[in-house]
Amino acid sequence: MKQLLFSNWHLMRWIRLIVGLFLIEQAIQLHEILYGFMALFFLFQAVFNTGCGLNGCAVSPIKKNKDE
């Protein structure tokens with residue numbers, strides 16, 4: 001778990017963190033709960049490195065044989 005949180009910080013992960021922190025600030029200042037939910041979504045993606053990568057969200061095809 002510690003390795004997941006502290007390794008592989010690439011540009012998109014930093015952008016998600018910055019957007020999440022900005023939305024938390026806006027949620028507090030404007031008293032908007034929707035901004036808070038959006039902030040949690042972006043912060044979750046940044047901290048746990050989830051979400052779509054540069055190649056999109058496509059699922060890899062199922063391999064039937066080990067040789068394929």
Please determine whether residues [X] and [Y] belong to a single hydrophobic cluster, defined as Ile, Leu, Val, Met, Phe, Trp and Tyr linked transitively by side-chain heavy-atom distances below 4.5 Å.
X   : Y   : value
F37 : L17 : no
I18 : I24 : no
L30 : F42 : yes

Between A27 and G36, what is the shortest heavy-atom contact and its length? CB-N, 3.5 Å
Can you check whether M38 reaches F41 side chain to side chain, under 4.5 Å on heavy atoms?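 Counting from C-beta outward, M38 and F41 never come under 4.5 Å.
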Any side-chain heavy-atom pair from L21 and L43 closer than 4.5 angstrom?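 In contact.
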Rounding to 0.5 Å, atoms OH (Y35) and CG (L40) come to a distance of 15.0 Å
With rounding to the nearest 0.5 Å, note down the distance linking CG in N49 to CZ in R16.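 Atom-to-atom, N49:CG and R16:CZ are 7.0 Å apart.
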Heavy atoms from other residues, nucleotides or ligands near CD1 of I33 exceed 12 (cutoff 6.0 Å):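 Not buried by this count: 12 neighbours or fewer within 6.0 Å.
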